[in-house]
Amino acid sequence: MHTTFIPIDYGYFDFEGRNYIKITGRDEKGKRLCVIDSCPIYFWAILKAGVSEKEIEKLRGKIEKIQLDANGRKTKVEKVEIHNKNFLGKPVKALKIFATNYKDMHEVADKLGIPEIEKRRGYDLGLITHYIIEKKLVPLNWYEIEGEVLNNSREFGGIDSALDVAVCIKLKSAKEIENKTFVPRVLAFDIETDEFQIGKGEILMVSLVSDNFKKVITSKQINAKEKGFEFVEYVKDEEELLEKFVAYVKKLAPDFLVGYFSDGFDMPYIKARAEFHKMKLPLGLDGSQPVFHRGSMTTCRIDGIVHIDLLKFVDTAYSQYMQSETMSLNDVSKEFLNDTKSNFEFKSSTKMSDEDWKDYFIYNLQDSDLTYRLFFKFWPDIREFSRVLQEPSFEISRNGMSKNVESFIIHNLDRFNEIPEKRPTHDEIGERRTREKYEGAFVFQPIPGLYENLAIFDFTSFWPSIIATFNLSKSTILEKKEKNSLEVDIGKSKIFFNKSPGFFPEMLKEIILLRKKYKQELKIKEDAITKARSNAFKLLANASYGYQGFFGARYYCPEASAATTGLSRDFIKDIINKIDKAGYRTIYSDTDSIAFLLDKKTEAETTAFLKELNKKLPGIMELELEGFFKRGIWVTKRAGDIGAKKKYALVSKDNKLKIRGFETVRRDWCRLARETQNKVLRMILEDGNEKKALIYIKEIIKKIRERKIDRKEILIRTQLKKQISEYKNISPHVIAAKKMQEQKIPIDEGALIEYFIAETREKKKLVREKVKLVHEKGEYDIKYYLEKQLLPAVENIMQVFNVDIRQIIENKKQDKLSKWI
DNA sequence: GGAGGTGACGTACC
DNA sequence: ACCGGTACGTCACCTCC
């Protein structure tokens, strides 16, 4: 039969010792299809140089006889082909060794103790990745497919009758067709429990949100059967709750089952409770249970349905560019949906009134609702990532950026006739991790002061554009200087690169172009999601620089990274020189950007000057105007009187602030200090002098002394980055965490700990001895908030105007004293 | 027991 | 372990007198 098809979920199974790929997706009418396909299973044996044709033929005969019993099945080498390929950019002769089962390829490869074989490659990609490379059936693209309908067929052991799909097709051919929109069926879910710890408590309710569908299933019997609460469905106990949950997933037939931190909480919790009741959870389309994979983090996979944990995707794709200080569903929703969930105060479930329960239902439903809407906010990105990286959504939503970069490389290698490099072994990783750091970016030492009329230039995708332009990679690095090679001085040594384009720099060019495309789109319509997508690709481009220096990378090449930063330092310093020579004055520079004074030059002259600079830049390197600014301030470091790097504030002509590095943007400072500093910066940058700011600071100080500051203004928030017992230095936030633990407040690694510094009866020396939690009784420590929070946040700013704020305050104190005397 | 240096730690910049 | 290096600042801890 013929049909359209969009692949969504990828799985595999074995039948009679062979591998089959099972792809779940939809046709254009929305019917759920399952496509079964297979592909050649093989790996590569790269031959040593100079092995003769005759010897190769002999080898082929020998290898073709390999048979073994592995993993409880008979497996053998099916055939061997001889190919001319490239490996790390160099031509090689290689044997393509076809085996029966993908999972046995390691063992087959181990059988090849043959001296003529230099390397074995291509057996560690994962079956699904291998399949997508072979058959080019890319996730979330549209295809016109042809195949044989399996209807109670005995082929594959009757798999079609066990699958909950409309049609099951054995694939014959697939042709990519014009892209159509695709609106996936999505079911968002969220559970509420009476104990935070998995396996300890019970599930109180589960909420489900889908298209025109909202539901909260609960075993709590309260009288809320009134108008507005039709979404609540009562069940007799937790077992029935779990049964209903499974039933609704079946009924709603989602392509994506979406949670927020559901890999780490909801799914493991549901599993633990099902085990407790000795129940099965047949969520998979083949009736299978969710499969948990425990690595550095647990993942949960459901057959035929893509389980997405949105938290992970948001974390890798956007967190660096987000304003929110936490990754909580609430904060993320606020940023991307302009929406917050209603506040709900958690009480022990035994102490809740009926009204409290009703609030709880609403709260639970809202979590799923936000998750549902967030999914659609990120859907274009999830889909785009899947298609560009050619990996299923399950993977791309969980992989880190380095893995994503690697996916892009792996799926584009055959255009370069390249054999994939292997993953580093455990030992190799260990060795790589001990390497010395290489020198990074150049940061200009600023001279503290308030400046007027500034411009900022910056390089677009600076490091990636250098890698692409100068061809810096593992496959292009040379052992020694060669004719027509590029020489890069990295300080203690020189490195050489081949000038003929390597596959990694070439691919990077494509990533940069994609980034450009999205940035262009962003200029046309400025909305959160276009912005996020542009950033996501910027991240992918930037990650490809970090990738080469990352110990886990297949194409690890720290020399290329060192050369990249080395060249970047040369370029930025050269531009700084040219800017200064042209009559401007450089104030600051960090990595890829330069801030300078216009002085008597006009903006038009400056844009023309930028054009001139660009003419002389090689390859795809490009300098652009970030903007013109009315004023900017740079301050000294707390210790010493030199200018602080990575700390400045600018104001544009339309009075928009751009604050970097200051306490204002640091979440581990209290709001009082942050907001005061922010206002002070605004006043100074808008007016060009410190007068108003000084008055304002004095007001705040008075308020602090008179204890008029709200508790929420003085809370300090610090993240617990590891287990409490692992800390060598017991800092205030560790004490706060310990207190929380004593008070049975659930905390975990990664939690943001909130506390304040309180006045104590006895004189305490250490800050940590004065730590109190938000709800604890006590007065704040005036001295601490004055001297350790407020003053540090404003004194360096006032110092720019030769105002010694500490002196002013102390004099005031004396004034008060003298009045008393 | 206070001064001063150092290391651990968290966070931000690009 | 899950992209890199650069930089600032606080607090605890250690040494020294």
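Every value quoted in this text rests on a predicted model; they were computed, and no experiment measured them. Lettering follows sequence order; numbering is per chain, from 1.
- Bracketed by its first and final contacts, the part of DNA chain C lying under 4.0 Å from non-hydrogen atoms of chain A reaches from C:dA1 to C:dC13 in 5' to 3' order.
- Straight-line distance from the NZ atom of A:K647 to the C1' atom of B:dC14: 17 Å, rounded to whole Å.
- Rounding to whole angstrom units, CD of residue A:Q320 and C1' of B:dC14 are separated by 9 Å.
- Atom NZ of A:K722 and atom P of B:dG10 are 6 Å apart (whole Å).
- Between the side chains of A:W463 and A:T565, no donor-acceptor pair of N or O atoms lies under 3.5 Å.
- We find that NZ of A:K658 is positioned 10 Å from P of B:dC13, with the value rounded to whole Å.
- In this pair, A:Y727 and A:H733 present their aromatic rings perpendicular. The plane angle is above 60°, beyond the 30 to 60° band.
- Between the CD atom of A:E325 and the P atom of B:dG10 there is a distance of 17 Å, given to the nearest Å.
- Within 3.5 Å, no donor on the side chain of A:R667 pairs with an acceptor on the base of B:dT11, nor the reverse.
- Remark: A:K765 is not in phosphate contact with B:dG1, judged by side-chain N or O atoms under 4.0 Å from OP1 or OP2.
- At a threshold of 4.0 angstrom between heavy atoms, the contacts of A:Y588 with the nucleic acid are absent.
- Here A:D590 pairs with A:K646 in a salt bridge; the nearest charged N to carboxylate O distance falls below 4.0 Å.
- Regarding A:Q723, its CD atom lies at a distance of 14 Å from the P atom of B:dC9, rounded to whole Å.
- Atom NZ in A:K728 sits about 18 Å away from atom P in B:dT6, given to the nearest Å.
- Between A:I466 and A:M621 the shortest side-chain heavy-atom distance falls below 4.5 Å.
- For the 3.5 Å distance criterion, the side chains of A:T476 and A:S473 qualify, holding a donor opposite an acceptor.
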